[in-house]
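Per chain, numbering begins at 1; letters A, B, ... match sequence-line order.
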Amino acid sequence: MNHWLMKSEPNDFSIDDLRTAPGRETHWDGVRNYQARNFMRDQMKQGDLVFFYHSNCAEPGITGIAKISREAYPDHTAFNPKDKHYDPKSDPDNPRWYMVNISYQRKLNRMIPLSKLREYSDRQLKNLTLLRRGNRLSITPVNAKEWFFILSLE
DNA sequence: GCCAACGTTGGC
DNA sequence: GCCAACGTTGGC
């Protein structure tokens with residue numbers, strides 16, 4: 001099983017939005033970055049666990065845990081000219097963009113701020129993709145050791 | 001609001 | 001295929 005970290009701007013879609021969503025589930029549309037797409041399309045498996053991360057907000061950090069509830073399928077918002085994430089280059093017969101579904105697992109007892117993760121950036125979390133210099137990827141892998149170490153910070 | 005990092009676009 | 005310009009991300 002793989003582990004992941006997925007960023008969301010809480011103004012846009014927060015862990016509470018996921019918790020209160022119908023079926024406590026949502027589709028992760030709008031990813032328009034090839035590396036992030038490849039993670040979803042090629043590596044995400046049903047049951048994989050995900051750190052839900054709040055970005056671009058007052059206190060960025062990990063706020064909860066979700067699970068991949070449906071593996072990659074075409075992101076239909078790319079086909080809709082009225083959609084914010086419309087991409088005329090994505091052909092329904094050969095989709096360029098994909099999405100997965102995630103389901104709510106739980107909120108952390110207390111969120112783990114980015115600043116806390118950074119405290120371990122030269123030790124246990126030395127290789128955490130999220131902390132790599134200037135990383136803006138919205139979906140990043142977390143290896144098992146990193147996953148359990150981060151959970152121990154909760 | 002600033003700005004560094006960095007992915008994408010498009011002219012050549 | 002190079003690379004400058006441009007747009008976006010996201011911490012601060």
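- With K7(A) contributing its side chain and L137(A) its backbone, the two residues share a donor-acceptor pair below 3.5 Å.
- Aromatic pair Y73(A)/Y98(A): centroids not less than 6.0 angstrom apart.
- Boundaries of the chain A contact region on DNA chain C are dG7(C) to dC12(C), first to last in 5' to 3' order (nucleotide atom under 4.0 Å from a heavy atom).
- If you find the closest nucleotide of DNA chain B to N56(A) and to R132(A), the one lying nearer the 5' end belongs to N56(A).
- Cluster annotation: V31(A) and F13(A) are assigned to the same hydrophobic cluster (Ile/Leu/Val/Met/Phe/Trp/Tyr, side-chain heavy-atom contacts under 4.5 Å, transitive).
- Contacts between residues 29-44 of chain A and DNA chain C, defined by a heavy-atom separation below 4.0 Å, involve no residue at all.
- At least one cation-pi condition fails for R41(A) and F39(A): the charged atom is not both under 6.0 angstrom from the six-membered ring centre and inside a 45 degree cone around its axis.
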Requested in this report: Take E154(A) and R106(A), measure what salt bridge (charged side-chain N to carboxylate O under 4.0 Å, His left out) needs, and give me the verdict at the end.
Outcome: CA-CA 13 Å; E154(A) 184 180 356; R106(A) 67 179 182 90; 2.9 Å; yes
Query - Derivation of the salt bridge (charged side-chain N to carboxylate O under 4.0 Å, His left out) call for R32(A) and D75(A) - result: CA-CA 10 Å; R32(A) 297 292 181 268; D75(A) 181 343; 2.9 Å; yes
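- The aromatic rings of F51(A) and W147(A) lie parallel to each other, with less than 30° between the two planes, well short of the 60° mark.
- Between W97(A) and F79(A), a ring centre-to-centre spacing not shorter than 6.0 Å is recorded.
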